[in-house]
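Written out below as structure tokens is the structure these notes cover.
One-based numbering along the sequence shown. Because the structure is predicted, anything quoted here is derived from the model rather than measured. No hydrogens, no waters, no symmetry mates; every other heavy atom, side chains included, goes into these values.
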Amino acid sequence: MNKKVVHDALILTAFTLVLGFILGVVYGITKDPIDAAELATEQAAYQAVFEEADSFEELDFDSDEANNMVSDAGYSDTIDDVEQALGSDGSLLGYVITVTAKDGSQGSITFSVGIQNDGTINGYSITDISETPGLGMKAKEEDFYSQFEGKNVSSFTVVKTTPSSDNEIEAITGSTITSKAMANGCNAAILYFENALGGATE
């Protein structure tokens, strides 16, 4: 075998090993801060949709069962996390259900939905979105998201005119797809609340 080929192969191997070591060190250094930032984002989302809660406790749930339930109902969403919203005395105030809507206009949208024990929707808080600025990104603005707050309905539907009932949500102008994705994600959370978490108890 040509000595140059062997020499080059050894250099490449050494370079790969060094690079792998460096990447491993960098990953080790950055993993904890990244995890901490993600946790902080999640906690902020929970608190945003359940201001009355003193703490949140993760509920162990069957994600496959949850997602099959949502899919069977016709929604292209996933249930990612379920948190119990607890009062200062430890009492259960309701739930925060994190969903990922797969039908956004530019990709998936992940957000948390707060639901009180009596079925009232506190609203949603988005943690990941890549919709079009000035259009779909308006899902993060109060004019749109406030339409979901304080409603006690079995599902939401999107309309292009002024809503005439509590379950109707006026679409973002020029972004009906994003509007429907947000409504469907909330519907998936409501569906799971009603069918897997006991539904309204008050």
Side-chain angles (χ1 to χ4, degrees), residues 38 41-51 61 63-83 85 94-116 118-197 199-200:
E38 290 178 349
T41 299
E42 292 169 355
Q43 290 295 316
Y46 303 158
Q47 201 69 61
V49 296
F50 232 116
E51 294 180 357
F61 75 105
S63 61
D64 289 336
E65 180 182 17
N67 294 330
N68 286 336
M69 179 188 300
V70 169
S71 178
D72 288 345
Y75 298 115
S76 57
D77 306 88
T78 58
I79 304 295
D80 302 333
D81 180 71
V82 180
E83 300 282 332
Y95 298 89
V96 176
I97 302 172
T98 299
V99 302
T100 294
K102 305 290 188 178
D103 49 356
S105 66
Q106 302 300 314
S108 298
I109 307 170
T110 300
F111 56 100
S112 297
V113 182
I115 306 179
Q116 298 177 32
D118 67 355
T120 299
I121 310 301
N122 287 343
Y124 67 74
S125 180
I126 296 174
T127 54
D128 186 55
I129 184 171
S130 57
E131 298 297 272
T132 305
L135 293 172
M137 287 299 284
K138 287 186 176 181
K140 298 183 72 174
E141 297 182 5
E142 186 175 3
D143 282 349
F144 182 73
Y145 71 67
S146 63
Q147 296 184 82
F148 294 84
E149 297 174 347
K151 304 291 181 66
N152 193 321
V153 298
S154 58
S155 66
F156 291 103
T157 186
V158 173
V159 297
K160 294 184 178 181
T161 57
T162 301
S164 59
S165 61
D166 275 356
N167 74 317
E168 292 185 345
I169 301 297
E170 185 173 359
I172 299 167
T173 302
S175 194
T176 303
I177 293 176
T178 304
S179 303
K180 288 182 177 180
M182 299 308 300
N184 288 339
C186 287
N187 291 344
I190 294 170
L191 176 77
Y192 187 74
F193 168 75
E194 291 181 341
N195 291 279
L197 299 176

- prompt: Does any N or O in the side chain of Lys151 come within less than 3.5 Å of the main-chain N or O of Asp166, such that one atom is a donor and the other an acceptor?
  reply: yes

State, yes or no, whether a side-chain contact exists between Ser125 and Tyr145 at a heavy-atom distance under 4.5 Å. no

request  = Please answer whether the main-chain N or O of Asn187 pairs with a side-chain N or O of Ser155 as donor and acceptor at a distance below 3.5 Å.
outcome  = no

So OG1 of Thr100 and CG of Asp80: to nearest 0.5 Å the spacing works out to 3.5 Å

Check this for me: Lys180, atom NZ, are more than 12 non-hydrogen atoms of other residues, nucleotides or ligands nearer than 6.0 Å?
no

Only one of Asp128, Ile129, Asp77 passes side-chain contact (heavy atoms from CB on, under 4.5 Å) with Thr110, and that residue is Asp128

Item to check | Any donor-acceptor N/O pair, Asp103 side chain to Ser76 backbone, under 3.5 Å | outcome: no

Note: Gly185 and Val99 closest approach over all heavy atoms is O-CG2, 3.7 Å

Look only at the side chain of Ser146 and the backbone of Glu142, and say whether a donor-acceptor pair between them is shorter than 3.5 Å. yes

Looking at Glu168 and Thr157, would you say the former's side chain and the latter's main chain have a donor-acceptor pair under 3.5 Å?
no

Do any N or O atoms from the side chain of Gln147 and from the backbone of Glu170 form a donor-acceptor pair under 3.5 angstrom? yes

- Task: Answer yes or no: is there a donor N or O on one side and an acceptor on the other, between the side chain of Gln116 and the main chain of Asn122, under 3.5 Å?
- Result: no

